[in-house]
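This structure is a prediction, so every number in the text was calculated from the model and none was measured.
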Amino acid sequence: GDRAVSIARAAARSALVAPPGWKLIPLTAARVQLGVLAAGEPNGADEDPSPLMHLVRALLTDQLRRAALVRQQRAAFVRRLVSSPPLAPHRARREAAELGASIADAYWPAVLGWRPGSIHPEAIETLEREARAGAAQSLTTLLTHQMVLLYPVSRVCRDEAAGWFEDVAARARALAPGSCAHAVAAERPADLPGLSGHVRHLAGVAELSARFDPDRVLTWASEYALEELLSGQVHGDAARRFVQTQLGPLISRDQERGTNLMDVLEAGLDFSRHDRAARQCFLHRNTFRHRFAQAIELLGDPLERPERRLAVHVAVKLHRLLEAEGGKDRLTR
């Protein structure tokens, strides 16, 4: 049995040719392959599958088809649960019961994001399955390049929810090391009618959290309050003038020479310790210090005054939002 499972798994993942004495029988429905059946021939015979094997294949195919349908229905239900307009609580509980599931009265939401295309669909399916197995009554659903994580609230404390979010994000990084998977969690739980609003807000915040401490797999929505405030200002000419006034020489240097001094400056302002800032930029600490000093020199101000330092920090954040907005405009055009 273990040998059969290993062969079937390898065949499903990499189109393995059957080893001697084994047959690989595809399990399909409506021309869609649902799985692979590995069958060992007692005497290494090479004849066609027996009538009994045809029956086994039909039964397994039907089970896989039904299981896939149930998964699709449950996934659609959770998506509706976090979409607008929200499901009424009594309707949500009734639909969950019809699918053989139960839901909590409230959930602590988070959104897990990753680099587009960095996690294989099979790994995402594995991640969802393992996440739900890690907490009873927990729910997951997929958005574009994001996964919604819902931790059931039953006298739960923040630390318990955070632990689950961190475990899921860490597992995502283990499955796809280059994904930079990172979770952003809400500050408080939400009841069923309020879930959709919380998730919509978190999805937007996760888009703003492109830069985060690489040593942390979980951050909280309140940490991006400044980016949220500034995101509403990116369409104004005043915002562009402010950025140019504060950062003009630095922007010109990066554009002319292809340097990344803006990233170095942002990290230096974000983190009080240069070793953490250097890790953020994937630089040696001494290299980071040298480039940070270059960036400050180009600004022509040591940033010793709190007001000036705050203005430059805000300008850096606004500059990143303006760049992102410009990229969206180019894609739209």
Side-chain angles (χ1 to χ4, degrees), residues 113-115 173 177-184 204-331:
W114 55 84
R115 288 178 177 173
R173 290 193 182 187
S179 64
C180 293
H182 174 250
V184 179
V205 171
E207 294 292 336
L208 299 174
S209 63
R211 289 183 61 85
F212 56 86
D213 186 347
D215 295 332
R216 299 171 63 194
V217 295
L218 172 67
T219 52
W220 301 88
S222 61
E223 298 179 44
Y224 305 98
L226 177 60
E227 284 85 349
E228 282 193 275
L229 175 65
L230 296 177
S231 64
Q233 311 299 321
V234 297
H235 297 291
D237 292 336
R240 300 182 185 277
R241 287 195 299 269
F242 176 73
V243 169
Q244 188 63 33
T245 299
Q246 301 296 327
L247 305 172
L250 193 59
I251 295 173
S252 298
R253 172 65 68 87
D254 278 353
Q255 290 175 344
E256 292 169 1
R257 302 190 182 183
T259 55
N260 66 337
L261 293 180
M262 186 68 71
D263 292 340
V264 170
L265 176 64
E266 182 174 8
L269 295 173
D270 283 349
F271 303 103
S272 58
R273 291 173 48 185
H274 278 186
D275 56 343
R276 293 183 65 191
R279 287 199 302 272
Q280 172 74 24
C281 298
F282 303 99
L283 295 173
H284 187 274
R285 183 169 54 184
N286 292 338
T287 303
F288 173 82
R289 286 177 174 173
H290 174 69
R291 294 185 184 179
F292 185 68
Q294 280 185 308
I296 297 299
E297 183 179 359
L298 282 170
L299 295 179
D301 190 325
L303 305 186
E304 293 178 352
R305 292 177 295 118
E307 296 84 357
R308 169 63 171 157
R309 188 179 182 90
L310 176 61
V312 169
H313 203 172
V314 170
V316 169
K317 298 297 184 183
L318 192 53
H319 173 67
R320 184 168 296 282
L321 291 170
L322 287 167
E323 280 192 325
E325 192 68 22
K328 292 178 183 178
D329 290 343
R330 287 192 292 272
L331 288 174

Residues that Arg241 engages under side chain to side chain donor-acceptor pair (under 3.5 Å), provided they are two or more places apart:
none
Give a yes or no on whether Glu228 atom CD has more than 12 heavy-atom contacts from other residues, nucleotides or ligands under 6.0 Å away.
yes
Which heavy atom of Arg291 sits nearest a heavy atom of Asn260, and at what distance?
NH1-OD1, 3.7 Å
Could you check whether any side-chain heavy atom of Leu230 comes within less than 4.5 Å of a side-chain heavy atom of His319, counting everything from C-beta outward?
no
Compare all side-chain heavy atoms of Gln246 with those of Leu299 and state whether any distance is below 4.5 angstrom.
no
Restricting to non-hydrogen atoms, name the atom on Phe288 and the atom on Ala278 that form the minimum distance, rounded to 0.1 Å.
CB-CB, 3.7 Å
More than 12 heavy atoms of other groups within 6.0 Å of Arg115 CZ
no
For a side chain to side chain contact (heavy atoms under 4.5 Å, CB included) check, start with the C-alpha distance between Val316 and Leu250, then their side-chain angles and the critical distance, and finish with the verdict.
CA-CA 10 Å; Val316 169; Leu250 193 59; 6.0 Å; no
Is any side-chain heavy atom of Leu265 closer than 4.5 Å to one of Leu261?
no
Please report the interatomic distance CZ(Arg285) to NE2(His274), rounded to the nearest 0.5 Å.
10.5 Å
Sequence neighbours left out, what passes side chain to side chain donor-acceptor pair (under 3.5 Å) with Arg305? Give chain and number order.
Asp301
Take Arg216 and Glu223 through the side chain to side chain contact (heavy atoms under 4.5 Å, CB included) test and state the conclusion after the steps.
CA-CA 13 Å; Arg216 299 171 63 194; Glu223 298 179 44; 2.9 Å; yes
Between Trp220 and Val184, is any pair of side-chain heavy atoms under 4.5 Å apart?
no
If you take all heavy atoms of Phe292 and Gly268, which pair is closest and at what distance?
CE1-CA, 3.6 Å
A side-chain contact here means heavy atoms from C-beta on lying under 4.5 Å apart; do Leu247 and Leu298 qualify?
no
Verify, without hydrogens or angle tests, whether Arg173 (side chain) and Ala181 (backbone) share a donor-acceptor contact under 3.5 angstrom.
yes
Looking at NZ of Lys317 and CG of Leu269, how far apart are the two atoms once the value is rounded to the nearest 0.5 Å?
8.5 Å
Within the distance-only criterion (no hydrogens, no angle test), does the side chain of Glu266 pair as donor or acceptor with the backbone N or O of Asp263 below 3.5 angstrom?
no
Looking at every non-hydrogen atom in both residues, tell me the closest pair between Phe271 and Ala277 and how far apart they are.
CD1-CA, 3.9 Å
Residues at least two apart in sequence or cross-chain that pass side chain to side chain donor-acceptor pair (under 3.5 Å) with Thr259, listed by chain then number, are Asp254
